[in-house]
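The structure appears right after this line, and notes come after that.
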Amino acid sequence: ALKLGGGDTVLITVDRPAQITIAAWRDALAAFGDGGYRWLIISPDQLKKLLGRNGQPKYSFSVIINDEAQQFRHLAAQRTQYQRRVNRLSATPEKAPFVITVTATPGHHPGEYTYLSALFAQLHDDPPGEWADLGKKLVEHGLPLAPGWDKGKWDWNDQAKGSQRLQNQAVTHVRKWMTDCDPPVMVHRDAPWGPAPIDGLPLDFTATQWAAYHQDWSEFRSAMKIARQGNDTARGRAALMRFRQKAGMLRAPQTAELVAAHVERGYQVLVAVELVTTAADPVAGLLEEHGIGVSRIFGGGDLETERIRFQRGHNPVVVFNTASAINLQASELMVDGSRASSARRIGFFHQPRYSGIAARQTMGRAHRDGQVCSWSLLFAAGTVEEQAARIMINRLMVTSASVDGDLGAFGKLARLFDADWLPESMFM
DNA sequence: TGCAGATACCACGCGCGAAG
DNA sequence: CTTCGCGCGTGGTATCTGCA
């Protein structure tokens, strides 16, 4: 049903890993029909090939669909620079392709919606170039943003950093540009079976754990028998990483215990981690010592085989660190027409991971197609993990609000972290 | 000489293309 | 087919540079 304005070529940019996402789009096109148009499905790593030596686009597309468009939110990144040229985001609407942006996680704040700059320009009757530095333009429109640490990046200003209410107002303001126009240029549909419930579970360290947490990295490393990687005297960003590694490793037994208890109650359990040697490996290892089968979807290995072992119910637990492109939901319809195991899924974030986008994507692994999967966020109270958890949760809520998503699942968390902008009804 | 702003740096893990 | 190096995201401190 596409009217392509005379052209006949459609470009789809997909997220990584290309091996999975390109195949999925190709299957979908085969199922729905190609409408007689020419389609190109491309990964961000190949975008450069659509540009000539002068940096100008070599081809003209009538329609461009950018899937998981948040991958183009950082202006300085190469893939973003290629994407902006291919999409002709600096051209006036009549000279640019018709662009469809697809994402459930637009960004951590409006300054990251850079891939929508041309759309915002159009909505305000401005030339697209004026909105190219999106953060700057949004500040002109009164949004509480300020330049970030890294060049070209923006962040909430100091005032907004301290007020979730202000953040909520800001994302709502920008969202309404897109939903209150005629016709609206943004649509969003919540999962009809409701949002994934999420809760926070702070754990208190014992005296022994605190002592280990404050140990020098080199001592900790040899005591825990972690293979040496890189420097022992890390400062700055690296020091923060060391504390997260230590906290994550010290809590591994408690997480394993919690997971084992839920397996006994008949659940199939998802454990999301960020780090491999100090989190994924120890948690998986402890569970296996208790005779519980674990699918390891991280590092090397045959990830699809591991995934199938979980989905078939051979392994009751999966430990994974990839946030996208894997399906872990109950009763998934498999390629051979059979169904995945129907045991209820439950998820634990073994460690907080700063990114709200990654958190929302992770929760979507099993909470899909009518299947409910509730989540708990584990962290050690009073450690760097608590601050990381606070950031992750705040960003998760903003990310949901930015698409007008259902915030009903965040009541408990908001109370735990003193968030101030959720409706009062949520606190009853 | 002193201070503020810019730049460099650390660690980890993944996917990818190119080279061997 | 395997290996190597790059790009990317994520946090914060240390040091350099330029200006007054």
Side-chain angles (χ1 to χ4, degrees), chain A residues 13-23 42-49 68-83 105 107-109 111-112 114 146-156 161 217-218 220-221 226-249 272-282 296-304 319-326 349-362 379 383-396 399:
Chain A
T13 64
V14 299
D15 198 6
R16 296 151 63 126
Q19 225 179 350
I20 293 170
T21 53
I22 290 180
I42 200 168
S43 78
D45 300 283
Q46 303 277 355
L47 272 177
K48 196 181 183 178
K49 295 181 178 167
E68 303 292 358
Q70 76 281 356
Q71 64 180 319
F72 301 115
R73 68 190 186 280
H74 291 143
L75 290 174
Q78 288 182 15
R79 69 160 86 115
T80 304
Q81 292 174 2
Y82 303 145
Q83 184 259 5
T105 51
H108 291 130
H109 54 76
E112 288 191 336
T114 58
W149 285 339
D150 296 318
K151 213 173 180 169
K153 290 190 191 174
W154 293 74
D155 201 349
W156 295 115
K161 272 182 191 157
W217 175 252
S218 58
F220 183 90
R221 186 174 49 71
I226 305 170
R228 177 163 190 163
Q229 279 179 322
N231 212 326
D232 267 345
T233 56
R235 287 184 300 239
R237 298 178 170 189
L240 191 71
M241 176 70 79
R242 293 305 186 208
F243 278 112
R244 294 182 63 211
Q245 287 176 288
K246 287 191 276 189
M249 188 149 194
V273 299
E274 176 164 9
L275 303 167
V276 171
T277 50
T278 56
D281 275 337
R296 296 163 177 253
I297 305 191
F298 57 85
D302 186 347
L303 306 185
E304 179 61 8
V319 177
F320 66 108
N321 69 352
T322 58
S324 59
I326 55 164
F349 287 98
H350 170 65
Q351 44 193 183
R353 57 180 323 178
Y354 289 113
S355 170
I357 290 175
R360 192 166 155 91
Q361 301 263 8
T362 299
F379 61 95
T383 69
V384 289
E385 287 191 320
E386 181 163 337
Q387 175 64 4
R390 186 178 297 276
I391 291 174
M392 170 176 143
I393 292 308
N394 186 45
R395 288 179 169 178
L396 177 62
T399 303

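Just so it is clear: chains get the letters A, B, ... in the order the sequence lines come, proteins before strands, and each one is counted from 1.
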Check the distance between C:dC8's P and A:Lys48's NZ and give it to me in whole angstrom. 11 Å
Checking the side chain of A:Gln351 only, and the main-chain atoms of A:Leu275 only, is there a donor and an acceptor separated by less than 3.5 Å? yes
What is the distance from atom CG of A:Asn231 to atom CH2 of A:Trp217, rounded to the nearest 0.5 Å? 12.0 Å
Between A:Thr383 and A:Phe243, is there a side-chain heavy-atom distance shorter than 4.5 Å? no
d(CZ, A:Arg395; C1', C:dG9) in whole Å: 10 Å
Taking any heavy-atom pair under 4.0 Å as a contact, classify A:Ala18: base, sugar-phosphate, or nothing. sugar-phosphate
Spacing of A:Asp155 atom CG relative to C:dG9 atom P, expressed in whole Å: 14 Å
In B/S/- notation, 5' to 3', how is nucleotides 9-14 of chain B contacted by protein heavy atoms closer than 4.0 Å? BBBSSS
Could you measure the distance from the CE atom of A:Met249 to the CD1 atom of A:Ile226? Nearest 0.5 Å is fine. 4.5 Å
How long is the line joining CD of A:Glu304 and P of B:dG15, in whole Å? 13 Å
Which listed nucleotide (B:dG17, C:dT10, C:dC8) is nearest to the side chain of A:Arg79? C:dC8
Residue set satisfying salt bridge (Lys or Arg N to Asp or Glu O under 4.0 Å) with A:Arg296, at least two apart, ordered chain then number -> A:Asp281, A:Glu288
Over how many whole Å does the gap from A:Asp45 atom CG to C:dC8 atom C1' extend? 10 Å
Using a cut-off of 6.0 Å, state whether more than 12 heavy atoms not belonging to A:Gln19 lie near its atom CD. no
Quick check for you: among B:dC16, C:dT10, C:dG12, whose closest atom lies nearest to any side-chain atom of A:Leu240? C:dG12
Pull out every residue in residues 68-77 of chain A that has a heavy atom closer than 4.0 Å to any atom of DNA chain B, ordered by number, or say none. none
Nucleotide B:dG15, atom C1' - distance to CZ of A:Phe320 in whole Å: 18 Å
Hey, is the main chain of A:Arg73 close enough, under 3.5 Å, to the side chain of A:Thr114 for a donor-acceptor pair? yes
For atom CD of A:Glu112 and atom P of C:dC8, their distance in whole Å: 15 Å
Rounded to the nearest 0.5 angstrom, the CG-NE2 distance for A:Leu396 and A:His108 is 8.5 Å
Please indicate whether A:Lys161 has more than 12 foreign heavy atoms, meaning atoms of other residues, nucleotides or ligands, lying under 6.0 Å from its NZ. yes
Whole angstrom value for the distance that separates C1' of C:dT10 from NZ of A:Lys153: 8 Å
